[in-house]
Engineer: 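Dumping the structure here so I can ask a few things about it.
Per chain, numbering begins at 1; letters A, B, ... match sequence-line order.
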Protein chains: 2
Amino acid sequence: MDAREITGAPSGANAAPSTPVCDAALFRAFALLGKRWSGVILGTLAHGPAGYADLARAVDGICDSVLAERLGELARAGLVVRTVAPGPPVAVTYQLSDAGAALVPVLHGLGAWATEHLVANELA
Amino acid sequence: MDAREITGAPSGANAAPSTPVCDAALFRAFALLGKRWSGVILGTLAHGPAGYADLARAVDGICDSVLAERLGELARAGLVVRTVAPGPPVAVTYQLSDAGAALVPVLHGLGAWATEHLVANELA
DNA sequence: TGATGTCGCTCTGTTTTACCTAGTCTTTGC
DNA sequence: GCAAAGACTAGGTAAAACAGAGCGACATCA
């Protein structure tokens, strides 16, 4: 979702009474989390700091270029902090920022919900 | 994320100690919610039942074919119930199922988090 | 009656995003 | 020297998302 879509976030004028703040905020949240792999990466980092290769191994199925792209986006969004240890060998570590860490309880809630309500037959 | 990726969900063997269930579940959750628009559609339906056109208007920026596709997926996943009133004129209504409704508190948490932590400059 | 609009999609071509994979440079270990 | 690891990058391909016209059924209006 690009800037145009963010700007055009729903303002609550939908079919039923709503809490406009919640919807606009949800729109913004999914601008990030609705991109493939971002939520899973954040969930993985919830367990602690990790390097690029750690993440590549942990997030099964993600390709290199998308992992690099997502980490960059999450860092720019302020959810992830990228720390470079000069080395040698140079080592880059990613960890959740305060904003990222604040999302963890929500991610846990999401995991609990999935455990309870999503079964193998949610595959269409 | 297709069946191969679901099957290959992380099993907790990542960089730091983890709660494997949470991660696998999170993976499954984002198999659905990591697709563009699904979370926002669910958030919109949290306000109450809506027709296709209602949703198309409410979810600013979504195109017709993706809305139809997403509603189908969410219905097949059991999060949304599609009800046909025979008419005339025929009318189709979508509403959250019990499983979908159970996600609403999480979505609210997500909205609250975004309100608190996501600002306009999260745009890369 | 004909024109226009709404609904709930479907269809097709186009654009964007995600993927695949080889590659680079630096460092380490055998 | 060679292989492996880390942290990506780059270019081509596949898949997802998008744009917009269209359909049948129905309702409304001049």
Engineer: Which whole-number value in Å describes the distance from Glu73(B) CD to dA16(D) P?
Structural biologist: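 So the CD-P distance, Glu73(B) to dA16(D), works out to 9 Å.
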
Engineer: If we ignore hydrogens and angles and just use 3.5 Å, is the side chain of Ser97(A) paired with the main-chain N or O of Leu79(A) as donor and acceptor?
Structural biologist: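 Side chain of Ser97(A) to backbone of Leu79(A): a pair is present.
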
Engineer: Once you round to the nearest 0.5 Å, how far does CG of Leu74(A) lie from CG of Leu32(A)?
Structural biologist: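 It is 6.5 Å, given to the nearest 0.5 Å.
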
Engineer: Looking at Trp37(B), does any N or O in its side chain come under 4.0 Å of the phosphate oxygens OP1/OP2 on dA16(D)?
Structural biologist: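 For dA16(D), OP1/OP2 do not have a side-chain N/O of Trp37(B) under 4.0 Å.
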
Engineer: Whole angstrom is fine here: how far is it from CD in Glu69(B) over to C1' in dA15(D)?
Structural biologist: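 About 12 Å, once rounded to whole Å.
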
Engineer: Arg82(A) side chain to Gln95(A) main-chain N or O, any donor-acceptor pair under 3.5 Å?
Structural biologist: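 Side chain of Arg82(A) to backbone of Gln95(A): no pair is present.
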
Engineer: Just how large is the angle between the end axes of the helix from dT1(C)-dA30(D) to dC30(C)-dG1(D), five pairs per end, to 10 degrees?
Structural biologist: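 End-to-end axis angle for the helix from dT1(C)-dA30(D) to dC30(C)-dG1(D): 0°, rounded to 10°.
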
Engineer: Under 3.5 Å, is there a donor-acceptor pair linking the side chains of Tyr52(A) and Asp64(A)?
Structural biologist: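 Side chains of Tyr52(A) and Asp64(A): pair found under 3.5 Å.
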
Engineer: Tell me the interatomic distance from Ile62(A), atom CD1, to dA7(D), atom P, rounded to whole angstroms.
Structural biologist: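 After rounding, the reported distance stands at 15 Å.
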
Engineer: May I ask you to test the Trp113(B)-Leu118(B) pair for a side-chain heavy-atom distance under 4.5 Å?
Structural biologist: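 Yes, side chains in contact.
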
Engineer: If I take atom CZ in residue Arg70(B) and atom C1' in nucleotide dC18(D), what distance separates them, rounded to the nearest angstrom?
Structural biologist: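 One finds 11 Å between C1' of dC18(D) and CZ of Arg70(B), rounded.
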
Engineer: Report yes if at least one side-chain N or O of Arg36(B) is closer than 4.0 Å to OP1 or OP2 of dC18(D); otherwise report no.
Structural biologist: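 True: Arg36(B) side-chain N/O within range (under 4.0 Å) of dC18(D) OP1/OP2.
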
Engineer: Under the side chain to side chain contact (heavy atoms under 4.5 Å, CB included) rule, what do Ile41(B) and Val80(B) come out as? Steps first, then yes or no, please.
Structural biologist: CA-CA 10 Å; Ile41(B) 290 170; Val80(B) 165; 5.7 Å; no

Engineer: Of all the nucleotides listed (dA17(D), dC26(D), dC9(C)), which has the minimum atom distance to the side chain of Lys35(B)?
Structural biologist: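 Among dA17(D), dC26(D), dC9(C), the one nearest the side chain of Lys35(B) is dA17(D).
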
Engineer: Is a salt bridge present between Arg76(A) and Glu73(A), judged by a nitrogen-to-oxygen distance below 4.0 Å?
Structural biologist: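 Looking at Glu73(A) together with Arg76(A), the answer is no, because their closest N to O distance does not fall below 4.0 Å.
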
Engineer: Check nucleotides 1-8 of chain C against the protein and report each pair of N or O atoms closer than 3.5 Å, with its distance, or say if there are none.
Structural biologist:
| from | atom 1 | to | atom 2 | distance (Å) |
| --- | --- | --- | --- | --- |
| dC7(C) | OP2 | Arg57(B) | NH1 | 3.3 |
| dG8(C) | OP1 | Val92(B) | N | 3.0 |
| dG8(C) | OP1 | Val92(B) | O | 3.1 |
| dG8(C) | OP2 | Tyr52(B) | N | 3.2 |
| dG8(C) | OP2 | Ala53(B) | N | 3.2 |

Engineer: Each nucleotide N or O in nucleotides 1-4 of chain D that has a protein N or O under 3.5 Å away: list the pair and distance.
Structural biologist:
none

Engineer: Leu71(A) CG to dG6(D) C1': how many Å, rounded?
Structural biologist: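 It works out to 14 Å between those atoms.
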
Engineer: Does the side chain to side chain contact (heavy atoms under 4.5 Å, CB included) test come out yes or no for Leu107(B) and Leu26(A), once each step is laid out?
Structural biologist: CA-CA 7 Å; Leu107(B) 294 180; Leu26(A) 197 60; 4.3 Å; yes

Engineer: Look at the side chain of Arg28(B) and the backbone N and O of Ala114(A), then say whether any donor-acceptor pair between them is shorter than 3.5 Å.
Structural biologist: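 The answer is yes, because a donor-acceptor pair under 3.5 Å joins these two groups.
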
Engineer: Determine whether Leu67(A) and Val59(A) make a side-chain contact, defined as any pair of heavy atoms from C-beta on separated by less than 4.5 Å.
Structural biologist: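 SC-SC contact between Leu67(A) and Val59(A) ruled out.
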
Engineer: Using the side-chain heavy atoms of Ala68(B), tell me which of these nucleotides is nearest: dT28(C), dA27(D), dT10(C).
Structural biologist: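 Output: dT10(C).
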
Engineer: Can you name the closest pair of heavy atoms from Thr44(A) and Ala58(A) and give their distance?
Structural biologist: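 Closest approach of Thr44(A) to Ala58(A), heavy atoms only: CG2-CB, 3.7 Å.
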
Engineer: Can you say whether a donor on the side chain of Ser65(B) sits under 3.5 Å from an acceptor on the base of dA19(D), or the other way round?
Structural biologist: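 Check passes, donor-acceptor contact within cut-off.
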
